[in-house]
Amino acid sequence: MTTPRVPEKPGLEGLEDKWATRWDDDGVYRFDRTATRERVFSIDTPPPTVSGSLHVGHVFSYTHTDTVARYRRMRGLEVFYPMGWDDNGLPTERRVQNYFGVRCDPTLPYDPDFEPPEKPPKQATAISRRNFVELCDRLVGEDEQKFEELWRHLGLSVDWSMTYTTVGKRAQRISQRAFLRMLGRGEAYQAEAPTLWDVDFRTAVAQAELEDREMPGAYHTIRFPRADGEGDIVIETTRPELIPACVALVAHPDDERYQPLFDSEVLTPLFGVRVPVRAHHLADPEKGSGIAMICTFGDLTDVVWWRELDLPARPIVGWDGRLHGSPPIDFETHRASEHWSELAGKSIKQARERIVELLRDSGDLLAEPRPITHAVKFYEKGDRPLEIVTTRQWYIRNGGRDARLRDALLARGRALHWHPEYMRARYDSWVEGLNGDWLVSRQRFFGVPFPIWYPLDARGEPEYDRPLVPTEDALPVDPQSQAPPGYTEDRRGLPGGFVADPDVMDTWATSSLTPQIACAWGEDDDLFARTYPMDLRPQAHEIIRTWLFSTVVRAHSEFDGLPWTDAAISGWVLDPDRKKMSKSRGNVVTPLNLLEQYGSDAVRYWAASGRPGTDTAFDEGQMKVGRRLAIKVLNASKFALGVIGEHTVPTDPATAVVTAPLDRSLLAALAELVDDATSAFDQYDYARALERTERFFWGYCDDYIELVKQRAYGPGDDAGATSARATLAFALDTLLRLFAPHLPFVTEEVWSWWRAGSVHRSAWPESAPLRAAAAGDGPAAYGVAADVLGAVRKAKTGQQKSMRADVTSATVTDHPDRLALLDAVRADVCDAGRVLELHLVPGEQLAVEVVLADAD
RNA sequence: GGGCGAUUGGCUCAGUUGGUUAGAGCGCCGCCUUCACACGGCGGAGGUCACAGGUUCGAGUCCUGUAUCGCCCACCA
């Protein structure tokens with residue numbers, strides 16, 4: 001060991017910049033790609049959405065992952081820890097629209113000279129798809145830069161040379177390749193079917209993107225006259241505007257009220273369309289009048305009934321959320337057509353208001369609407385309820401319609417190691433509740449296009465069942481601007497020519513491939529072999545159903561295995577009112593301010609105190625505590641190294657210089673700490689590792705250092721002094737390494753005062769050498785010494801004396817076993833407590849009687 | 001409706017297979033101007049561990065039920 005070089009006045013300020021730069025220059029976190037798979041720990045980092053802003057929730061969960069990454073690195077593994085940027089999809093589109101004041105019109109030609117105006121105009125400028133995508137690229141590039149700066153400031157030990165994006169060329173290529181492979185295996189298919197549809201975004205959405213919202217509605221009691229004229233059937237509905245789309249009524253097969261009517265017919269009010277009364281087990285006799293109207297389509301139950309009862313389709317709602325101009329069926333009466341003309345072209349809301357008036361006028365509305373609140377399905381990013389529209393879409397098989405596949409995916413979920421374990425229940429309930437395959441096509445612009453064209457027949461109609469695909473070496477392709485194999489561009493849109501599939505993939509269709517993208521599947525076979533399947537997927541619990549599940553689906557399909565062995569699920573950051581912190585709630589805290597105010601180590605301390613999977617309150621108090629801890633690490637280290645000074649101290653605990661009982665005892669306790677922290681980290685419990693280390697560290701500062709201070713100042717040839725200095729050094733060395741995953745800046749700073757290289761590339765501590773140095777002694781002597789010292793302090797405080805006050809005599813009563821231990825360390829205790837005479841009296845439990853010298 | 005989790009001093013949280021008077025930090029109060037640290041140190045007050053039963057020599061810890069909160073899921077007319 002060289003003589004420590006300790007600053008006069010160590011502080012936290014500037015450590016982030018200093019060490020972030022140094023780590024980068026020295027390549028401390030660079031992935032060594034000569035490492036073989038067994039030596040690699042590979043992490044499937046969640047790519048943050050760059051169109052949003054980073055908030056304290058990101059800092060929270062990414063810190064968790066970083067502590068694990070640093071631990072594994074110190075355990076000698078090469079950590080593959082790339083950062084991704086999720087710049088794909090709707091959030092980016094929305095941000096670009098607002099930021100530049102533009103909107104995408106795919107019919108416009110590309111303008112190579114287009115520049116967005118300085119300030120976004122009131123009226124959005126329409127631009128071509130390619131111009132739009134260029135603006136998306138430009139903006140996400142700026143955002144990614146800002147994100148990286150914040151992450152570096154926080155101290156994520158990411159290899160910044162290995163970032164990827166979810167719209168980049170590689171992601172596109174891999175998304176398209178994976179899709180084509182699934183298409184080839186029949187795992188991707190297209191179908192024209194009723195689809196949940198957002199009328200504002202004008203795109204289909206998947207089951208995973210739904211959320212229920214409680215909305216006001218109203219029950220409308222409506223009369224359906226029987227076709228035979230023998231009276232009426234009364235139904236209740238919240239969607240009266242769908243009466244023209246009604247194709248049947250339905251009741252439960254066991255419902256005696258309606259059994260006589262099954263397979264008879266009724267007439268729809270206002271329109272006089274004959275529809276049958278049918279039986280189906282999903283009809284609930286308890287709901288409303290026990291008989292429901294089936295419309296094409298009001299909700300997903302309608303779709304089930306329509307399919308299973310083989311009913312006709314009479315859709316009336318268009319892609320724009322308005323009723324069609326033309327009627328769903330040729331009405332038989334002039335009156336019916338007039339009613340329809342009152343509704344045609346209206347929005348859902350307008351149509352509902354109008355039809356209620358019409359029903360009231362016609363006498364078919366039997367009671368005034370009764371207001372209720374009910375759950376309505378929304379696209380999670382949408383503003384209006386979803387409609388169901390029949391469209392042609394791409395699907396990926398995910399077990400929603402196939403019990404064998406579902407069981408296989410459930411088995412994958414069981415094979416995955418979840419942290420915490422109970423999070424698996426969310427996976428299971430999601431997979432078990434799937435009601436269809438995964439709808440992956442979106443009618444949007446900024447995303448990975450489907451690598452698909454369709455031939456046009458002689459009449460110019462697309463032949464959807466004969467899709468044209470590129471070869472894999474041509475990927476990525478943009479079918480809008482490139483021609484399929486065997487065609488030239490001038491055949492686009494012409495009879496006998498071709499047309500591009502207009503859709504882009506769901507953002508999750510790409511995100512579900514983050515392991516393949518990060519590990520460069522099909523791009524860099526050598527890297528892939530060293531990193532895939534990955535070790536760890538860290539993520540939040542609310543996207544188990546989307547990100548985690550879809551990633552399992554893709555890996556199962558392509559590689560017949562799990563994409564990773566472990567999943568670590570982090571909780572949320574809650575604001576003081578125990579609500580989730582999110583941008584939309586307006587309660588987010590800008591992380592950079594926090595990092596600058598408290599220091600990155602302090603904020604990391606707060607984050608790392610949140611246990612895996614547990615929602616954690618945002619608590620600046622914890623950051624203050626973290627800051628205090630970081631400062632304490634600096635000061636205690638400075639002191640310990642100052643005591644050691646220029647004395648020679650061995651670097652290896654095995655050198656048998658630790659001879660004092662107190663020192664051996666301390667090292668025994670330290671060995672237990674090392675085991676404890678190690679097993680906690682092995683189970684991904686970074687919080688427990690931190691808590692234990694912190695507790696030990698305060699004892700080290702307050703008790704151990706105080707106890708050995710005097711002895712350690714002794715001359716170089718004194719065995720007790722040598723023992724104390726060696727123990728101070730071993731303990732400091734060990735504690736710094738134990739803290740390093742949590743407090744990377746301050747530990748590195750101290751490390752640099754007296755050690756070579758980076759603490760983050762040093763070995764994780766091992767307990768065996770410490771235990772060997774303790775030479776069979778246990779941790780108890782240290783505990784007894786601390787207890788007695790505490791009692792002496794208490795006495796001094798009780799008499800309002802300085803800690804420097806002399807103790808004339810102290811009488812310790814305790815169990816003989818503990819007295820024996822105390823006897824062995826009595827010199828240290830007397831020195832630290834300034835005890836002149838120490839008497840030991842055998843007894844049952846600890847009691848200390850202290851006589852203080854007169855103050856004057 | 002089904003499931004998961006939580007409930008410990010004013011606040012934020014520990015409490016690993018059940019074991020003696022339940023721990024920590026913040027906040028509060030008091031003391032110590034200590035030669036590493038006032039961005040400090042020492043100490044104090046403060047809890048019938050949500051509630052009700054049960055198992056046990058012994059329950060914050062295990063079982064049953066209840067309540068409250070949060071989340072996940074569900075074919076909610």
Side-chain angles (χ1 to χ4, degrees), chain A residues 6 9-12 212 214 217 219-220 235-239 242 249-250 280-284 287-295 298-305 372 374-377 420 422-435 541-542 544-545 571-572 574 576 578-580 599 602 606 609-611 613-622 624-643 676 679-680 683 685 687-688 691-692 694-695 698 701-702 705-706 709 790 792-805 845:
Chain A
V6 183
K9 190 82 182 160
L12 298 179
D212 283 351
E214 286 294 322
Y219 275 127
H220 301 75
I235 63 112
E236 294 204 320
T237 180
T238 56
R239 302 287 308 265
L242 294 180
L249 301 187
V250 65
H280 193 277
H281 66 273
L282 284 183
D284 183 353
K287 257 179 210 139
S289 56
I291 188 162
M293 153 174 106
I294 303 175
C295 305
D299 61 24
L300 290 174
T301 317
D302 279 344
V303 178
V304 173
W305 281 327
I372 55 157
H374 61 155
V376 179
K377 287 200 188 308
Y422 61 75
M423 286 293 177
R424 173 185 296 117
R426 298 181 182 220
Y427 177 93
D428 289 344
S429 68
W430 174 253
V431 178
E432 284 161 4
L434 286 169
N435 58 28
H541 51 61
E542 80 273 19
I544 289 173
R545 68 176 184 173
W572 284 340
L574 305 177
R578 306 212 67 81
K579 293 273 187 289
K580 184 194 177 191
W606 158 75
S609 303
R611 324 222 54 105
T614 305
D615 294 346
T616 301
F618 175 74
D619 185 1
E620 292 195 52
Q622 282 299 104
K624 287 182 191 158
V625 174
R627 182 175 176 83
R628 210 171 61 118
L629 173 63
I631 292 168
K632 192 75 175 179
V633 168
L634 290 176
N635 285 316
S637 304
K638 175 189 165 197
F639 179 70
L641 294 175
V643 170
D676 209 356
S679 86
Q683 295 160 58
D685 196 346
R688 181 188 171 93
E691 187 207 344
R692 298 305 160 95
E694 183 192 11
R695 185 184 306 169
W698 284 107
C701 294
D702 297 339
I705 289 182
E706 293 299 329
K709 239 180 200 177
V792 170
R793 283 174 179 150
K794 187 170 175 174
K796 292 180 181 177
T797 299
Q799 298 185 35
Q800 305 195 350
K801 289 284 169 56
S802 160
M803 289 301 135
R804 293 166 70 184
Q845 58 180 17

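A, B, ... follow the sequence lines: proteins, then strands. Residue 1 opens every chain.
Using a 4.0 Å heavy-atom criterion, one finds that V304(A) contacts no nucleic acid atom at all. Looking at heavy-atom distances under 4.0 Å, G288(A) makes no contact with the nucleic acid at all. Using a 4.0 Å heavy-atom cutoff across all strands shown, L300(A) reaches no nucleic acid atom at all. Note on R804(A): a base of the nucleic acid sits closer than 4.0 angstrom, heavy atoms only. Counting any heavy atom pair closer than 4.0 Å across all strands shown, W606(A) reaches no nucleic acid atom. Residue contacts shown for K624(A) are absent, as no nucleic acid heavy atom lies under 4.0 Å away. Within 4.0 Å of C295(A), counting heavy atoms only, lies no atom of the nucleic acid at all. Residue contacts shown for T301(A) are limited to sugar-phosphate atoms, with no base heavy atom under 4.0 Å away. Contacts of N435(A) with the nucleic acid, taken as non-hydrogen atoms under 4.0 Å apart, involve only primed sugar atoms and P, OP1 or OP2. Within the 4.0 angstrom heavy-atom criterion, no nucleotide atom of any strand lies near Q683(A). The residue D702(A) sits close only to the backbone: its heavy atoms come under 4.0 Å of sugar-phosphate atoms, none of a base. In this structure, M293(A) reaches neither bases nor backbone, as no heavy-atom distance under 4.0 Å exists between it and the strands shown. Nucleic acid contact for A687(A): none, since no nucleic acid atom lies under 4.0 Å from a heavy atom of the residue.
Taking atom CD1 of I705(A) as the reference point, atom P of A36(B) lies 11 Å away to the nearest angstrom. Distance, E542(A) CD to C4(B) P: 21 Å, rounded to whole Å. At whole-Å resolution of the value, CZ in R426(A) and P in A74(B) are 13 Å apart. Between the NZ atom of K638(A) and the C1' atom of C37(B) there is a distance of 8 Å, rounded to whole Å. The interatomic distance linking R793(A) (CZ) with C42(B) (C1') rounds to 7 Å, in whole Å. In this structure, the CG atom of L634(A) is 13 Å from the P atom of G40(B), given to the nearest Å. Rounded to whole angstrom, the span from the CG atom of L629(A) across to the C1' atom of C13(B) amounts to 16 Å. Residue E706(A) contributes atom CD, which lies 16 Å from atom P of G40(B) at whole-angstrom precision.
Under the 3.5 Å distance criterion, the side-chain polar atoms of T614(A) are left unmatched by any main-chain donor or acceptor of G610(A). Using a distance-only test at 3.5 Å, with no hydrogens or angles considered, a donor-acceptor pair links the side chain of Q683(A) to the main chain of S679(A). Side chain of H220(A) to backbone of T238(A): no donor-acceptor contact under 3.5 angstrom is found. Although no hydrogens or angles enter the test, the distance criterion places no donor-acceptor pair under 3.5 Å between the side chain of D302(A) and the main chain of I294(A). At distances below 3.5 Å, at least one donor-acceptor pair connects side-chain atoms of K796(A) with backbone N or O atoms of A805(A).
Looking at heavy atoms from C-beta onward, W572(A) lies out of side-chain contact with T616(A) at the 4.5 angstrom threshold. Put simply, the side chain of Q622(A) reaches to within 4.5 Å of the side chain of V625(A), judged on heavy atoms.
Here K632(A) reaches the OP1 or OP2 of G41(B): one of its side-chain N or O atoms lies under 4.0 Å away. For C75(B), the OP1/OP2 oxygens have no side-chain nitrogen or oxygen of H281(A) closer than 4.0 Å. Contact check, K794(A) against G44(B): a side-chain N or O comes under 4.0 Å of OP1 or OP2. Residue R628(A) places at least one side-chain N or O under 4.0 Å from the OP1 or OP2 atom of C26(B).
Here the closest non-hydrogen pair linking R239(A) and G298(A) is NH1-O, 3.5 Å.
Rounded to the nearest Å, the gap between the C1' atom of G23(B) and that of C31(B) is 24 Å. Of the P atoms belonging to C28(B) and U68(B), the separation is 36 Å, rounded to the nearest Å. Rounded to whole Å, the C1' atom of G60(B) lies 12 Å from the corresponding atom of U48(B).
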Show your working on side chain to side chain donor-acceptor pair (under 3.5 Å) between W606(A) and E620(A) and close with a plain yes or no.
CA-CA 8 Å; W606(A) 158 75; E620(A) 292 195 52; over 6 Å; no
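Each of W572(A) and T797(A) lies near RNA chain B, and the nucleotide nearest T797(A) is the one positioned closer to the 5' end.
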Enumerate the protein-to-nucleotides 14-18 of chain B contacts in which both atoms are nitrogen or oxygen and the separation is below 3.5 Å.
unit_1: A14(B); atom_1: O2'; unit_2: E691(A); atom_2: OE1; d: 2.8
unit_1: A14(B); atom_1: O2'; unit_2: E691(A); atom_2: OE2; d: 2.5
unit_1: U16(B); atom_1: O2; unit_2: R688(A); atom_2: NH2; d: 2.6
unit_1: U16(B); atom_1: N3; unit_2: R688(A); atom_2: NH2; d: 2.4
unit_1: U16(B); atom_1: O4; unit_2: R692(A); atom_2: NH1; d: 3.4

